[in-house]
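Chain letters run A, B, ... following the sequence lines, proteins first, then strands; residues in each count from 1. Remember, it's a predicted structure, so these values are computed and weren't measured experimentally.
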Amino acid sequence: MSKPKPDYQVIGKPVPLVDAWSKVAGQAVYTDDIKLPGMLVGKILRSPHAHARIRGIDTAKAAALPGVRAIVIGKEATAKFGVLPISKDETAMAIDKAIYIGDNVAGVAADTEAIALEALKLMKVDWEVLPAILKPEDALKPTDDPIHEKTVRGTNIHKEVAQEFGDVGAALKTGKAVATGDFEFIGITHAFTEPMCTVALYEPDGRLTIWSAQQVPHYLHRALADVMEMPMHRIRVIRPFVGGAFGGKSDPFPHEMICALLSRKCGRPVKILFDREEVFLSNHGRHPTKTHMTLAADADGKLTALDLKAQIDGGAWGSFGVVTTYYNGVLSMGPYRFPTFRYQGRRLYTNKAPCGAMRGHGAVNSRFAMEVLVDELAEQLKTDPCDFRLKNLLTSNTTTVNGFRITSNGTKECIEKTRKASEWDKKRGKLPYGRGIGIACGFYISGSAHRIHRSELPQSTVHVKIDMDGGVTVHSMAAEIGQGSDTMLAQCVAEPMGVNLSRVRVYCQNSDMAPVDLGSYSSRVTFMAGNAAMKAGEAIRAKLVRAAAALTGKPEAGFICRDEQLVYALEPSVRVPYMDALTKALAGNGALIAKGVYTDAVIPQQDRKGSAAGLSPSYTFQAYVSEVTVDPDTGFITVDKVWAAHDCGRALNPLAVEGQIIGCIHMGLGQALQESFDYHRGHILNANLLDYRPISSKQMPPVEVFIVESDDPEGPFGAKEAGEGPLLPILPSVANAVYDAVGIRVRQLPMTPDRIFDLIQKQSGKSLRLPPKKPSGLQPAGSQ
Amino acid sequence: MILPEFELHRPRTLKEALAAARKHLDDFDYVSGGTDLLQNYKNRLNCRRHLISLSDLEDKGLREVSATRLGALATLMQIEESAAALSGVRGAAAVVASPLVRQTATLGGNLLVETRCFWFNQSEFWRNAKGGCLKEGREACLVVPQKEICYATYSGDMAGVLVPLGATVHLEGLEGGRDVPLGDFFQHDGIRKNVIRKGEIITHVTLPASAQKLKAGYRKLRIRDTFDYPSMGVGAALRLEKGKLAELHVCVNAVATTPLAFEDLTAACVGKPFGEPEIEALCDEVVARCQPYKNVALSPTYRRAMIGVFLKRLLIDLTA
């Protein structure tokens with residue numbers, strides 16, 4: 001931070017995303033825009049039961065329907081898959097039993113959607129309805145018929161984690177101040193714009209091509225190979241433009257398998273496009289979670305203990321759940337220093353739509369609990385919440401008690417900037433009743449330090465090719481999902497080469513043409529693919545510099561590349577235009593080709609189970625201040641303004657970083673204020689965007705963004721993630737502001753007006769006006 | 001979700017529309033904006049094989065907007081933006097759904113909006129999995145278990161202000177035209193909904209000239225400030241004379257199968273001062289008569305409590 005900012009040419013400049021024009025002009029090709037000759041419509045028969053054995057499926061009538069071209073059922077593809085190799089528990093379709101309402105039972109491909117839907121009605125499933133596990137507490141009990149084969153101790157517990165570092169019990173006993181709370185978070189979902197969509201084409205030569213709205217094309221590639229029982233080299237995965245994902249497209253999905261199976265069966269291309277209800281049934285959103293947390297601090301106002309329990313409701317599949325279970329604990333290890341830490345986490349299988357990864361994966365709910373309790377501790381110790389936080393921050397270049405290596409860390413600057421800009425010291429505790437201000441911090445990973453498939457293969461590889469036209473093409477399978485990764489790759493390649501961004505085109509869609517990248521999840525792409533891109537750009541630069549040295553007779557070491565010139569720094573009048581250097585470099589060689597890779601960082605790891613969970617080559621930090629107005633008579637919360645500071649190491653593209661921060665606030669406010677995945681006995685009650693209620697544009701507060709640049713030692717040009725960490729502080733900063741406004745402590749999300757109204761009523765000792773014992777009789781207008 | 005198959009009829013006159021209705025009397029729906037109806041069709045809710053579009057009707061007055069007359073085919077945005085319409089009416093139009101919906105949705109459609117219930121407004125897959133309800137032809141209501149009455153919630157906003165303003169609905173039907181006071185238009189049954197007869201079309205709504213002397217308004221409870229149907233709404237129209245209440249009408253919306261009026265309670269307030277204590281007393285009596293059901297967003301207890309809060313705020317504003 002104290003170092004002068006390097007004088008970059010394209011890095012750090014606010015540039016519109018390279019794919020923006022094609023999107024706003026309506027020319028970007030999304031999966032649903034793909035139309036192939038002879039393409040069929042695929043539809044999925046779904047279970048109406050939360051838990052039911054399949055005694056038999058009669059598809060004869062459906063198969064006889066004119067226009068039906070293929071039908072597939074579960075026993076035709078029995079190989080298991082799942083995004084985590086340690087937790088493969090899915091099959092393409094239910095084989096013996098369906099385990100949630102909406103579970104995939106059969107697939108049909110037909111000439112039209114209407115015929116496919118008619119065919120679904122003609123299929124008859126002989127069901128034996130089984131008792132459903134819907135409450136997480138019921139999943140704890142031993143059972144003879146668990147939802148999956150592999151569970152803990154014959155129950156429906158999917159994963160258990162127990163960790164302790166230092167003597168938490170002793171620290172709690174001797175704490176001067178202790179804050180504790182039971183928190184409850186309802187499940188939420190991503191509500192991305194583009195529904196899931198997949199096109200599959202199995203060709204007569206035994207090759208499969210799949211186009212799919214995906215964040216992790218590589219994991220889809222692996223899962224398809226398993227399920228289709230085909231070698232990976234005969235499968236090509238293409239990721240067209242993706243209309244939003246947020247973690248909701250980061251698993252290989254059953255519908256992708258069904259689509260491929262249908263195409264193989266009838267030899268024609270098949271498209272499956274979900275309707276919105278199917279998107280909700282597929283879910284993979286944030287887990288409903290019960291969190292118990294206790295924090296302790298000593299008389300000096302230093303945190304001494306974090307004791308945390310989380311019970312997370314996983315729904316029907318494993319998905320990323322093992323990771324989620326760890327993250328609910330270990331991602332609480334920053335930005336504050338805890339000398340002791342204990343975590344007990346548990347993820348449960350239930351007969352509900354599967355939960356998975358969602359922006360801020362695993363960290364959001366525990367973060368909420370922590371930031372609310374930190375405020376309570378500060379109050380007990382009669383300390384300002386900002387001062388209390390500042391006093392307890394991890395420093396740069398340190399290690400947490402559970403072994404995380406902290407390198408760059410800009411939390412202090414984040415707090416100071418938002419505190420000043422929001423006029424915190426004039427406002428906190430001093431605004432009139434009904435208005436309040438609150439602060440919260442955040443902490444997140446920049447990718448996982450280790451691959452989920454343990455091997456020495458790189459995490460990211462980027463290829464660059466340049467021919468005589470001077471255009472630079474970048475090839476990678478990093479998944480552009482709207483977050484700006486294509487633009488980031490273009491910048492990271494262009495900067496070392498000293499060429500204009502307009503020369504660069506990014507090709508990131510086709511697994512035959514681009515090298516493996518593990519995909520867009522856990523905020524890994526800027527750090528990892530960005531590093532690979534930078535190295536590829538540097539490798540090209542070396543070739544150009546060699547040519548410039550040959551042309552000028554100057555030593556290679558003296559050249560800098562900038563503004564499409566290779567300049568000999570000691571004698572700036574000696575310079576070679578980029579095209580001249582390129583022509584020289586191509587002579588006798590042909591197109592310039594280079595690659596860059598990012599392999600796992602070497603980070604000392606503790607010798608214990610789960611020590612890799614949450615281990616990241618670098619971490620990001622945030623501090624947000626929110627100001628709110630609470631209407632005490634109705635319970636409505638208006639977020640008036642947010643001051644948001646995020647340490648992203650270096651903003652490669654400040655415009656994109658700002659967009660991510662504002663987008664995170666929008667999404668986080670949804671979970672904070674109103675979104676919930678409502679169930680009635682296993683049926684989702686609000687599987688549509690009207691009743692699910694994402695935040696509307698009218699509810700969005702003005703946001704003042706502060707980008708803090710801590711210059712990470714290992715990130716590309718010093719950069720870290722900016723896509724997920726910025727979601728974390730918004731929820732608790734609003735809750736802490738609500739406390740400042742009306743004096744209620746929130747323990748449950750979302751903070752809907754009825755819940756806040758109820759809390760205010762209870763606090764003031766007034767009871768709700770109770771309904772009369774008998775309805776007073778309805779009186780239609782005019783009937784009196 | 002795709003729409004079911006239907007035949008679309010596009011008459012140019014009311015006469016043609018009625019003729020089309022007579023021809024397909026047992027299997028048709030009228031459609032104008034379609035913002036409510038077509039979503040229900042996508043969910044396969046009470047679909048008909050014939051849709052008679054009213055969008056092309058050229059008869060005079062169907063889209064007229066003035067202080068005393070509102071054409072049934074006037075869009076809600078047209079009413080919202082009309083300088084001629086009463087401000088209370090414009091205010092209610094402005095809080096229906098979202099701007100995009102208001103550009104298409106019509107006044108007539110809002111008055112006739114399908115009653116809502118979270119057992120009913122679901123997909124075909126959902127209803128089949130769950131078992132279905134009275135309103136879509138199954139055996140019993142799932143809100144109040146019995147087999148006679150559907151308890152789906154009336155969810156139109158415009159009635160919330162038009163009832164207190166004393167509006168009259170004008171209908172054209174197979175047996176000619178008739179006028180019905182809006183206050184008598186609705187029926188306590190989420191299926192029957194209102195007194196409209198098969199084939200009848202609302203042509204327009206009129207307000208008495210005296211309505212122009214009233215101060216009217218509408219307040220809507222919803223989680224988001226846009227898009228959402230009302231979880232509760234209150235409307236009122238009143239006139240003060242020399243510090244005393246000369247006229248008052250109140251309507252509570254979206255807590256029952258119909259808009260609710262309280263003419264006996266409001267009449268009792270007339271001729272007296274109408275300050276905060278009187279307003280609070282009236283609100284308590286109104287709340288005591290309302291019993292929302294658990295079938296739309298937000299809990300019945302909360303919606304009930306909000307009737308008092310919203311009505312008090314509205315009446316204080318209107319008497320200020």
Side-chain angles (χ1 to χ4, degrees), chain A residues 46-50 101-102 112-114 117 120-121 275-278 281 631 633-636 638 673-674 678 680-691 693-699 750 752-755 757-758 761 768-772 774-784, chain B residues 1-2 4-5 39 42 98 118 121-123 125-126 128-130 144 151 159 163 181-188 221 223-229 251 256-265 284 287-293 297-306 308-310 312-313:
Chain A
R46 297 180 177 279
S47 169
H49 305 295
I101 292 171
T112 66
E113 185 170 356
L117 290 171
L120 294 186
K121 285 187 180 168
D275 60 33
R276 184 57 62 179
E277 181 181 35
E278 289 180 292
L281 292 171
D631 183 337
D633 296 335
T634 65
F636 271 84
T638 307
L673 297 179
Q674 64 204 36
D678 299 332
H680 184 268
R681 294 181 188 158
H683 299 261
I684 305 168
L685 272 172
N686 54 345
N688 62 74
L689 293 176
L690 178 68
D691 296 318
R693 279 183 218 93
I695 292 281
S696 86
S697 54
K698 284 185 83 174
Q699 292 177 287
T752 46
D754 50 344
R755 180 167 279 152
F757 175 77
D758 203 17
Q761 294 283 313
L768 283 177
R769 293 183 223 212
L770 295 169
K774 269 195 279 181
S776 56
L778 289 155
Q779 295 158 348
S783 68
Q784 285 95 358
Chain B
M1 263 181 264
I2 52 171
E5 273 190 38
Q39 183 54 44
K42 284 185 178 175
S98 66
F118 55 51
N121 298 104
Q122 297 286 359
S123 73
F125 168 79
W126 195 97
N128 283 341
K130 192 82 195 166
V144 181
Y151 279 82
V163 168
L182 187 60
D184 298 333
F185 183 69
F186 299 100
Q187 286 199 326
H188 169 43
L221 172 67
I223 289 180
R224 295 183 293 187
D225 210 6
T226 182
F227 292 114
D228 296 348
Y229 283 92
C251 179
T257 54
T258 72
L260 304 179
F262 306 87
E263 288 298 291
D264 56 336
L265 300 179
D284 284 345
V287 170
R289 284 197 185 173
C290 297
Q291 180 52 68
Y293 290 92
L298 296 169
S299 73
T301 318
Y302 175 72
R303 286 159 65 210
R304 190 162 185 272
M306 287 307 104
V309 175
F310 278 55
K312 181 180 165 189
R313 288 182 177 184

Which bit of [X] is near chain B, if near means a heavy-atom gap under 4.5 Å: side chain, backbone, both or neither?
X: A:Leu117; result: side chain
X: A:Arg46; result: both
X: A:His49; result: neither
X: A:Pro750; result: neither
X: A:Ser697; result: neither

Shortest non-hydrogen contact from [X] to [Y]?
X: A:Pro753; Y: B:Leu298; value: CG-CD2, 4.5 Å
X: B:Ile2; Y: A:Glu113; value: CG2-OE1, 3.1 Å
X: B:Gln122; Y: A:Leu685; value: NE2-O, 2.7 Å
X: B:Val309; Y: A:Thr634; value: CG1-CG2, 3.8 Å
X: A:Leu690; Y: B:Tyr229; value: CD2-CE1, 3.7 Å
X: A:Leu281; Y: B:Phe125; value: CD1-CE2, 3.9 Å

Side chain from CB out, backbone as N, CA, C, O: work out which of these in [X] comes under 4.5 Å of a heavy atom of chain A, or both, or neither.
X: B:Arg303; answer: neither
X: B:Leu221; answer: side chain
X: B:Asp225; answer: both

Looking at A:Lys698, is its backbone amide N or carbonyl O close enough to the side chain of B:Arg224 to form a donor-acceptor pair, meaning the two atoms are under 3.5 Å apart?
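The answer is no, because no donor-acceptor pair under 3.5 Å joins these two groups.
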Let's test your reading of the structure: which of A:Arg755, A:Glu278, A:Lys121 forms the most heavy-atom pairs below 4.5 Å with chain B?
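Between A:Arg755, A:Glu278, A:Lys121, the count favours A:Lys121.
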Do you know which of B:Pro300, B:Ser123, B:Pro181 has the most heavy-atom pairs with chain A at a distance under 4.5 angstrom?
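Among the listed options, the one with the most contacts to chain A is B:Ser123.
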For the atom pair CG (A:Asp754) and CD1 (B:Ile223), what is the distance rounded to the nearest 0.5 Å?
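It is 6.5 Å, given to the nearest 0.5 Å.
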Side-chain heavy-atom pair B:Met306, A:Phe757 within 4.5 angstrom cut-off
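Yes, their side chains come closer than 4.5 Å.
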Hey, does A:Asp275 have a side-chain heavy atom less than 4.5 Å from the side chain of B:Lys42?
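Result no, sub-4.5 Å side-chain heavy-atom pair not found.
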Working for side chain to side chain contact (heavy atoms under 4.5 Å, CB included), residues A:Asp633 and B:Lys312
CA-CA 11 Å; A:Asp633 296 335; B:Lys312 181 180 165 189; over 6 Å; no
